[in-house]
Protein chains: 2
Amino acid sequence: MDTFAERTKRRLRDELLDAAYDALVAGGYDGLRMVEVGRRTGVSRQTVYNEFGDKWGLLEAVAAREAERFLVDVNDALAEQDDPIDGLRAAIERALVLAGDNPLIKAALGQPGSDQASQLLTTRGQQLLELSHQRLDAHVREHWPEVPAEDATTCVDVALRVVLSHIVNPGAAAAVVAEQVARVLGPFLTSRRQ
Amino acid sequence: MDTFAERTKRRLRDELLDAAYDALVAGGYDGLRMVEVGRRTGVSRQTVYNEFGDKWGLLEAVAAREAERFLVDVNDALAEQDDPIDGLRAAIERALVLAGDNPLIKAALGQPGSDQASQLLTTRGQQLLELSHQRLDAHVREHWPEVPAEDATTCVDVALRVVLSHIVNPGAAAAVVAEQVARVLGPFLTSRRQ
DNA sequence: ACCCCCTGTCCGATCTCTTGACATCTGTCA
DNA sequence: TGACAGATGTCAAGAGATCGGACAGGGGGT
């Protein structure tokens, strides 16, 4: 059952995340003020704590929502190709292009030595990797029937880490990186094909 | 200040009105079930009572909201004309056409001897008349500078009652009625012009 | 006469948010 | 260095709204 109270709760959470997102884009983790997030949403500071525990919890929630949206897009790119290697290339390119335009990522990796929030992409990147696996493995295992599941997951893992590295530390252009990775992983996939 | 709680309260009221509107259109006043309005909104029956007092109060609230929307449209028709008589004619025609298409009015005036809700258009029509005056007089007094305010109000009152009568008891086509009323009231407005 | 359904009311339990207070930490200014 | 402002994080009391269950009353149908 979908009660009004449940919908209201979801809406509150969503509006708080919107406010926090704006604050993060505007001023990074240090510029994020709990009292300001509450004020912008029309709610007390305590309510923000009730919902997210602490400031880092709020950051993680914003990042998780953003990552979900991000992955939907990447998954679409993956799904538009029939061949695994083509899918890999398309998804990687899409991910790098999206990341380059993403305001939250830009804010986290901004000039000043980088924001604390950037840790979610580096030293505290497990969550992001796990979430990405959950969202991408499902598709891969279903649509790459000729590749053993375990090998597909391995492949996704490698690609994921390379992409994440390129997001944090950009190298060549998106299309170039995508092509590189596809060329490197292609033989592996082909050799494992059943 | 626009707190989250206030917005939520308004949203609740609005969703309840939506549910009640649907129920009224589907089954008239007798088909309106308080428990059903609550269920559709995901809220208890008690909450519906807290918000509207009783069933008749809920009906009045639905009617009031609908009337507001209706009058915005009629007021637009009035405002599109420079000449008072043209405005009167346009507004009357618009009102009759809108009323003919309005699902709520259709339900209230449906075949079976007519619904209890129809009383809001007849024996309990004062509220509607007063609301209409509030919404229309403001425009008329501002945009008909050549007509004394009192006379403008009188004119609106007569037109309003004729229109309401035609809604409840349709006569000629909308355009014909509008022309009739304009022709009858025209000389009065002209004679009072300053 | 009986039953069922709906209206309308009451009240205690529960949940969420608010408010104010407090400890703690950090950066800044004198 | 010391005082101070501003931020995080925690706690408890209290207010407000909703829920759930119960009950009385009134029709309508069998």
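By convention in this document, chain letters (A, B, ...) are assigned in the order of the sequence lines, proteins followed by strands, and residues within each chain are numbered from 1.
In terms of modelled atom types and a separation under 3.5 Å, the side chain of B:Ser132 and the main chain of B:Leu128 share a donor-acceptor contact. Remark: the backbone N or O of B:Arg135 is paired with a side-chain donor or acceptor of B:Asn75 at under 3.5 angstrom.
Annotation: side chain of A:Lys55 is in contact with side chain of A:Arg33 (closest heavy-atom distance under 4.5 Å). Considering only heavy atoms from C-beta on, A:Phe52 comes within 4.5 Å of A:Leu16 through its side chain.
Distance CG (B:Asp30) to C1' (D:dG28): 12 Å, rounded to an integer number of Å. Residue A:Glu6 contributes atom CD, which lies 11 Å from atom P of D:dC19 at whole-angstrom precision. In this structure, A:Asp54 atom CG and C:dC25 atom P are separated by 16 Å, rounded to whole Å. Summarising the geometry, the separation between CD on A:Glu51 and C1' on C:dT18 is reported as 16 Å, rounded to the nearest angstrom. Taking atom OH of residue B:Tyr49 and atom C1' of nucleotide D:dC23, one finds them 14 Å apart after rounding to whole Å. One atom, CD of B:Glu36, and another, C1' of C:dC5, lie 14 Å apart when rounded to the nearest Å. Put simply, CG on B:Leu12 is 17 Å from P on C:dT16, counting in whole angstrom units. Computed from coordinates, the B:Gln46 CD to C:dC11 C1' distance equals 10 Å when rounded to whole Å.
Along DNA chain D, the nucleotide nearest to A:Phe4 and the one nearest to A:Leu32 differ in position, and the one closer to the 5' end is contacted by A:Leu32. Toward the 5' end of DNA chain D, the nearer of the two residues A:Lys55 and B:Val43, judged by each one's closest nucleotide, is A:Lys55.
Checking the phosphate oxygens (OP1, OP2) of C:dT18, a side-chain nitrogen or oxygen of A:Thr47 falls inside 4.0 Å. OP1 or OP2 of C:dT18 sits under 4.0 Å from a side-chain N or O of A:Ser44.
A distance of 10.0 Å separates CG in B:Asn50 from CG in B:Leu12, rounded to the nearest 0.5 Å.
Here A:Arg33 lies in heavy-atom contact (under 4.0 Å) with sugar-phosphate atoms only.
A donor and an acceptor atom sit less than 3.5 Å apart, one in the side chain of B:Arg45 and one in the base of C:dG8.
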